[in-house]
Amino acid sequence: MYRILIADDEGLMLESLKTIIMSQYGDCCTLETAKTGRAVIEKTESFHPDIVFLDIHMPGINGIQAMKEVRKSNSTALFYIISAYDKFDYAKEAIDLGVEKYLTKPISRKTILSTVEEAIKKVDHNRALRRSQLEIQEKMEVIIPVMEQSIITNLLFQTEMQDVGYYLQLLDVEETCGYIMVIQFGTEYENGRLISPVRMSVQAQDFYPDLRSLVKASLNCLVGPVMSNRIVLLVPHQGGQISYEDRILIVENTRRLLTKLEEQLGAKFRAGIGRVRKIEDLQLSYREALRSLNGSKSRVIHTEDLQPEGLYGEEFPDETERRMFRFLEDGNTSAMLSESNIFFDWMIQHYPDDRGNICLKVLEYIIRAEGIAFESGTVNYNFSDRNDYLETATSFADYESLRQWFVEKMAAACDTIHDYRESQSDSVIKKAQAYIRENYSHDISLDDVSRTVNISPYYFSKVFKEESGENFIEYLTRVRVEKAKELLEKPDLSIKIISSMCGYSDPNYFSRLFKKQTDMTPREYRMKVSGQ
């Protein structure tokens with residue numbers, strides 16, 4: 001049903017409009033009338049009209065003023081201004097209020113009915129748009145928690161960050177840094193620790209949606225999955241450092257959050273908070289948050305409130321070290337070598353006379369790099385493989401020769417990881433392409449192909465595009481069109497049959513797609529190859 005309000009201080013005009021509209025649309029409309037601006041405002045508060053026919057010049061509150069008031073509570077109503085010619089200048093004030101049309105008295109029956117028809121179509125369109133928006137919002141309410149859980153799991157527990165930047169962008173996370181908060185839950189405290197029987201972990205699955213809502217209301221963050229009796233939060237932060245005052249504020253806000261959780265969820269909660277780190281280094285913040293929980297009996301503890309433990313001395317370039325091994329794990333040889341040289345420069349600049357320790361650090365990193373390559377499955381290991389490493393490292397006459405040996409060994413380990421991943425990607429793409437060529441006539445999807453090669457659809461889509469230069473749909477379409485060209489050379493096959501044989505159930509859609517790819521319709525192509 002469509003709700004229509006007609007407002008005019010002329011009784012004859014009011015009844016005339018009402019009669020005309022109801023004669024044509026009475027079975028699908030509910031209609032109310034008003035003779036003053038005040039009545040318009042009062043009516044709209046209870047009637048909530050979809051369409052309003054409004055005379056500008058009414059006693060007391062005029063039409064423009066009434067429209068402004070109505071807009072405060074009803075932003076979707078469609079307004080159609082009714083005005084005598086000499087009152088038309090008033091309508092200019094309504095431009096910013098989104099008036100649909102101005103109707104000048106006298107108004108013919110035909111104009112009234114066509115205007116109502118136009119308004120109904122707009123109402124239908126707006127309702128469909130709103131319904132679509134709600135459906136999208138509903139779907140996003142399901143998808144966003146899954147994306148957040150996936151991002152946190154990827155950042156904390158995987159060596160290669162697959163599409164994390166893309167998903168953070170989708171979630172409007174613009175910050176390049178953040179910190180991890182680990183929330184622990186249990187049934188009660190014992191010596192400052194939470195007792196967390198198995199049933200508490202099971203119960204957490206039930207209260208997770210409520211916990212997520214409460215956390216989101218208090219904190220701008222991403223919420224991870226339930227892991228045993230813990231939930232991990234990723235809190236984006238602009239910049240890599242926080243002041244003492246900011247740290248105290250974070251702790252106090254966390255205390256209030258835990259109190260709110262305990263009041264509403266019927267469990268006990270503790271929280272450990274890690275340092276602000278770059279997004280790619282949040283594993284460190286996660287370990288700090290866990291250490292905070294394990295190293296203190298406090299309800300909320302920030303890692304910087306604990307006694308320092310296992311910290312590098314002096315001005316050790318730990319960020320360079322971290323980047324070097326992260327690039328190595330990614331198989332990015334050039335970036336890894338850049339960091340390796342930066343680190344080597346730091347050693348000889350700060351400790352030019354400490355040759356023994358420089359050699360030891362070079363050996364440490366080479367063995368660590370080869371261990372990473374071994375764990376990646378890219379090299380085998382024999383006990384005697386390194387029997388000359390110590391002798392070699394200490395035999396060089398100068399630091400540049402040592403550097404050369406160091407970067408060669410690091411590059412060799414990184415190259416094996418890179419080559420292995422490339423061969424794996426190449427194998428995946430070839431297998432996927434073979435599957436598409438064999439099954440192009442069926443209704444196959446990205447999920448079908450990614451399942452065949454046993455990797456996630458998101459990662460498969462990315463790898464397929466990077467390695468083949470075109471996305472899945474583009475490749476599938478190209479294969480189908482090429483097959484269609486072959487079949488079109490056979491005059492006994494109809495275009496409808498060829499369409500079906502190429503995986504398209506709708507011949508019209510097939511023809512449009514074929515023309516888009518070849519600049520010819522299937523019929524035109526057939527005539528061309530047959531020489532007609």
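Under the 3.5 Å distance criterion, the side-chain polar atoms of T303 are left unmatched by any main-chain donor or acceptor of G274. In terms of modelled atom types and a separation under 3.5 Å, the side chain of E148 and the main chain of V223 share a donor-acceptor contact. Side chain of Q65 to backbone of N62: a donor-acceptor contact under 3.5 angstrom is found. Judged by distance alone, with hydrogens and angles left aside, the side-chain atoms of T44 form a donor-acceptor pair with the main-chain N or O of I41 at under 3.5 Å. Panel note: side chain Q184, backbone L293; no donor-acceptor pair is recorded below 3.5 Å. At distances below 3.5 Å, not a single donor-acceptor pair connects side-chain atoms of D246 with backbone N or O atoms of I242.
Among all heavy-atom pairs drawn from P49 and V52, the shortest one is CG-CG2, 3.7 Å. Summarising the geometry of I495 relative to F510, their closest heavy-atom pair is CG2-CE2, 4.0 Å, with the distance given to 0.1 Å. Scanning all heavy atoms of the two residues, the minimum distance from I279 to G178 falls at CD1-N, 4.4 Å. Taking both residues in full, the closest heavy atoms of D55 and I82 are given as OD1-O, 2.9 Å, listed atom of the first, atom of the second, then distance.
In this view, K18 and I6, E15, M22, L31, T33 satisfy the side-chain contact (heavy atoms from CB on, under 4.5 Å) rule, not counting sequence neighbours. Under the rule for a ring pair (Phe, Tyr, Trp, His ring centres under 6.0 Å), the partners of Y80 that lie at least two apart in sequence or sit in another chain are F53. A search for side chain to side chain donor-acceptor pair (under 3.5 Å) contacts involving R230 returns nothing, not counting sequence neighbours. The ring pair (Phe, Tyr, Trp, His ring centres under 6.0 Å) test applied to Y525 returns F514, not counting sequence neighbours. Residues passing the salt bridge (Lys or Arg N to Asp or Glu O under 4.0 Å) test with E100 are K122, sequence neighbours excluded. Every residue meeting the side-chain contact (heavy atoms from CB on, under 4.5 Å) condition with A7, not counting sequence neighbours, appears here in chain and number order: A34, V40, L54, M58. Judged as a salt bridge (Lys or Arg N to Asp or Glu O under 4.0 Å), and not counting sequence neighbours, the contacts of R255 are E252. In this view, T76 and N74 satisfy the side-chain contact (heavy atoms from CB on, under 4.5 Å) rule, not counting sequence neighbours. Residues passing the salt bridge (Lys or Arg N to Asp or Glu O under 4.0 Å) test with E10 are K105, sequence neighbours excluded. Qualifying salt bridge (Lys or Arg N to Asp or Glu O under 4.0 Å) partners for K278, counting only residues two or more places apart in sequence or in other chains: none.
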Apply salt bridge (charged side-chain N to carboxylate O under 4.0 Å, His left out) to residues E118 and K121 and explain how you reach the verdict. CA-CA 5 Å; E118 172 191 303; K121 287 180 180 178; over 6 Å; no
When you look at K260 and S218, which way does the side chain to side chain donor-acceptor pair (under 3.5 Å) test go after all the steps? CA-CA 10 Å; K260 191 184 299 183; S218 301; 3.1 Å; yes
Could you please spell out the steps behind the side chain to side chain donor-acceptor pair (under 3.5 Å) verdict for T19 and S16? CA-CA 5 Å; T19 301; S16 177; over 6 Å; no
Does the salt bridge (charged side-chain N to carboxylate O under 4.0 Å, His left out) test come out yes or no for R3 and E32, once each step is laid out? CA-CA 8 Å; R3 297 180 297 275; E32 294 279 350; over 6 Å; no
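Looking at E288 and R275, their side chains come closer than 4.5 Å, going by heavy atoms from C-beta outward. Looking at M13 and I107, their side chains come closer than 4.5 Å, going by heavy atoms from C-beta outward. Using a 4.5 Å heavy-atom cutoff, the side chains of T518 and V481 are in contact. Side-chain atoms of L222 and L168, non-hydrogen and from C-beta on, do get closer than 4.5 Å to each other. By the 4.5 Å heavy-atom criterion applied to side chains, L234 and L282 are counted as neighbours. Two residues are said to be in side-chain contact when any heavy atoms from C-beta on lie closer than 4.5 Å; P522 and I498 fail this criterion. Side-chain contact between Y179 and I250: present, with at least one pair of heavy atoms (C-beta onward) separated by less than 4.5 Å. With a 4.5 Å cut-off on side-chain heavy atoms, T153 and P225 count as touching.
Screening V235, L156, I152 against I180 for a side chain to side chain contact (heavy atoms under 4.5 Å, CB included) leaves a single residue, L156.
A side-chain donor-acceptor contact under 3.5 Å links E117 and Y25. No hydrogens or angles considered: a donor-acceptor pair under 3.5 Å links the side chains of S445 and D448.
Other residues, nucleotides and ligands place no more than 12 heavy atoms under 6.0 Å from the CZ atom of R38. For L129, the CG atom counts as densely surrounded, since its 6.0 Å shell holds more than 12 non-hydrogen atoms of other residues, nucleotides or ligands. Residue K35 qualifies as open at atom NZ: its count of foreign heavy atoms under 6.0 Å is 12 or below. Heavy atoms from other residues, nucleotides or ligands lying under 6.0 Å from CZ of R523 number 12 at most.
One finds the OG1 atom of T521 at 6.5 Å from the NZ atom of K515 (value rounded to the nearest 0.5 Å).
Annotation: side-chain hydrogen bond (donor to acceptor under 3.5 Å, both in side chains) contacts involving residues 492-512, sequence neighbours excluded, are absent. Applying the side-chain hydrogen bond (donor to acceptor under 3.5 Å, both in side chains) test to every pair with at least one member in residues 469-479, sequence neighbours left out, gives these pairs: R437-Y475, E470-R478.
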